[in-house]
Student: 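For reference, the structure I am asking about is given below.
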Amino acid sequence: MTGRALHAHVHDSLAQVSAPAWDGLHDGANPFVAHAFLEGLERHGCLRPQWGWTPRHLTLWEGDALVAAAPGYLKTNSHGEFVFDHAWAHAYARHGLDYFPKWLGAVPYSPVTGPRLLARDDVARRALLDAIIDDATALGLSSAHVNFHAAHEDAAFGDDWLPRTDVQYHWQNAAGWPDFDAFLADMDHRHRKNIRQERAKVRRAGVGFRVLHGDEADARDLAAMHRFYLATFADYGNAPALTLEFLRHLAAAMPRALVLVLADLDGEAIAGALCLRGADTLYGRYWGASRQMPGLHFETCYYQGIEYCLREGLRRFEPGAQGEHKIARGFLPEFVRSRHWIADAGFRGALRDWCAEEADATRQQAAWLARRSPFRA
């Protein structure tokens, strides 16, 4: 594997790896790779084999020292990943081959860029990728995938890992805005006016907002947020994965990372957004409401989050995947990345061409989207 005596282990539960050892491999800036977050998903019923998620974490050891680790899962479907490979699975099926199960290195249900190859150094990081391929080969898997990895990890991947790119919409305070009015002042008149009108509708309706960290939210607040989350999934006909016990766990184990935005009307919470906070970034994850009114979604999910970032000195706000409507509200297109190892040489060659064509189309789309910026030139 390398000139160093490194040995790999596979874990079907993150509880088998100590939290200090795991968290010693990353800088703590991204809450989604924290042991408390990932292990909490397992312990509180958010990951189940019948939903397509079976933990299979890879670790690399030098003697008794943990030197690299990757959160990993055997997947029997592509749900909850946000890097879409349904066409790949269909192509395998047309050729009488099994695409599933596959190995996935990712944070479940979280299309959030962050470290995926946790390692003490580059040598260990590359050796970890070798261990992933070795494990996938030993299991006879069709493929291994690493979704939403950080840019600095690109160099560790060899040519046999096919790159894919996609676009999300992120807010950045590159201009150093001190407050929301300064943020709006850099927009053109039309977009500035639209945002002010959206916010005014919510104020006139009498809605007030509370922004709470995990240690500031009580049991009723957490239950309300989970109720809104369930309602959103019911509206779209999807099965919710996050449990109320998991939210309670986050509030206790990661109290300052959990951020809730709750909209109140007549003394009752009517909407909410669930966010996580990193070192310099706010991550919007879920929203829901028991009542619908003009502007409520945008205020709860976007404007309150921007104000929180400005107030707290955070540099970025990532409100989730997809949604071109975010551009008009100050969230500009940003590339996100993933890597894919395909066992079959024939499919690997065909998919390499497919990925290259997709990347060209994505770059053209991003350039077109960037021209729709609401900010003045």
Side-chain angles (χ1 to χ4, degrees), residues 26-33 82 107 110-116 148-155 163 165-199 209 211 213 256-257 259 261 273 275-285 287 297-338 359 362-377:
H26 64 91
D27 62 7
N30 187 294
F32 295 92
V33 294
F82 299 91
V107 177
S110 302
V112 171
T113 294
R116 297 293 179 264
F148 299 104
H149 64 279
H152 75 268
E153 295 174 322
D154 260 330
T165 57
D166 199 357
V167 171
Q168 290 183 354
Y169 306 93
H170 299 167
W171 178 90
Q172 296 190 59
N173 192 2
W177 300 303
D179 53 37
F180 202 92
D181 285 339
F183 159 63
L184 287 183
D186 275 355
M187 287 187 171
D188 61 45
H189 173 74
R190 179 171 66 88
H191 287 94
R192 184 167 60 246
K193 178 181 177 182
N194 287 345
I195 290 174
R196 284 176 172 160
Q197 288 178 338
E198 284 177 342
R199 304 199 78 185
F209 286 86
V211 181
H213 296 100
R256 304 306 289 180
V259 180
V261 177
C275 306
L276 268 79
R277 173 181 175 161
D280 66 353
T281 305
L282 181 68
Y283 303 93
R285 297 304 304 117
W287 117 284
H297 172 256
F298 300 133
E299 182 67 38
T300 307
C301 292
Y302 305 145
Y303 304 142
Q304 287 293 317
I306 290 173
E307 287 206 334
Y308 177 87
C309 290
L310 291 166
R311 188 166 61 247
E312 296 286 318
L314 301 186
R315 187 173 59 89
R316 297 172 64 88
F317 180 19
E318 301 184 15
Q322 305 171 329
E324 292 182 15
H325 62 277
K326 296 170 184 171
I327 296 176
R329 292 160 181 89
F331 297 84
L332 301 185
E334 294 281 338
F335 290 115
V336 293
R337 57 190 61 76
S338 60
T362 300
R363 284 191 290 268
Q364 293 177 29
Q365 178 198 25
W368 178 79
L369 291 170
R371 292 195 289 272
R372 297 172 58 190
S373 168
F375 296 104
R376 293 175 294 166

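Because the structure is predicted, anything quoted here is derived from the model rather than measured. Computed from heavy atoms alone, side chains included, the values below leave out hydrogens, waters and symmetry copies.
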Student: If you define the side chain from C-beta out and look only at heavy atoms, does anything of I195 sit under 4.5 Å from F180?
Tutor: yes
Student: How close do Y169 and P319 get, counting heavy atoms only, and between which atoms?
Tutor: O-CD, 3.1 Å
Student: Rounded to the nearest 0.5 Å, what separates atom OH in Y283 from atom CG in N30?
Tutor: 4.0 Å
Student: Is there a side-chain contact between W171 and R329, using heavy atoms and a 4.5 Å cut-off?
Tutor: no
Student: How would you list, by chain and number, every residue that makes a ring pair (Phe, Tyr, Trp, His ring centres under 6.0 Å) with F148, sequence neighbours excluded?
Tutor: none
Student: Closest heavy-atom contact between F317 and G284?
Tutor: CE1-N, 3.8 Å
Student: Using 0.5 Å steps for rounding, measure from the CZ atom of F335 to the NE2 atom of H170.
Tutor: 12.0 Å
Student: Under a 4.5 Å cut-off applied to non-hydrogen side-chain atoms, are R116 and V107 in contact?
Tutor: yes
Student: Output side-chain donor-acceptor pairs under 3.5 Å for residues 368-377, partner residues at least two apart or in another chain, one line each.
Tutor:
{"residue": "R372", "atom": "NH1", "partner": "E324", "partner atom": "OE1", "Å": "3.0"}
{"residue": "S373", "atom": "OG", "partner": "F375", "partner atom": "N", "Å": "3.1"}
{"residue": "R376", "atom": "NH2", "partner": "A185", "partner atom": "O", "Å": "2.4"}

Student: What heavy-atom pair brings E318 and T113 nearest, and what distance separates the two atoms?
Tutor: OE1-N, 4.3 Å
Student: Which atom pair, heavy atoms only, marks the closest approach of P111 to R285?
Tutor: CD-NH2, 3.1 Å
Student: Can you find a pair of side-chain heavy atoms, one from R337 and one from P163, that are under 4.5 Å apart?
Tutor: no
Student: Quick one: closest heavy-atom pair of H149 and E153, and the distance?
Tutor: CB-OE1, 3.2 Å
Student: Side chains of P31 and R277, heavy atoms from C-beta outward: is any pair under 4.5 Å?
Tutor: no
Student: H297: which residues meet the ring pair (Phe, Tyr, Trp, His ring centres under 6.0 Å) condition with it, sequence neighbours left out?
Tutor: W287, Y302
Student: With rounding to the nearest 0.5 angstrom, report the NE2 to CG distance, H191 to L184.
Tutor: 12.0 Å
Student: How many angstroms lie between atom CD of Q172 and atom CZ of R315, to the nearest 0.5 angstrom?
Tutor: 6.0 Å
Student: Is the ring centre of F183 less than 6.0 Å from the ring centre of W177?
Tutor: yes
Student: Let me confirm one number: the CG-CZ distance from N173 to R316, rounded to the nearest 0.5 Å.
Tutor: 11.5 Å
Student: When L282 is tested against each of L314, L276, I306 for side-chain contact (heavy atoms from CB on, under 4.5 Å), which residue passes?
Tutor: L314
Student: On a heavy-atom basis, which atom in A150 and which in P115 lie closest, and how many Å separate them?
Tutor: CB-N, 4.1 Å
Student: What about the rings of Y308 and H213, do their centers lie closer together than 6.0 Å?
Tutor: yes
Student: What do you reckon, is CD of Q322 surrounded by more than 12 foreign heavy atoms closer than 6.0 Å?
Tutor: no
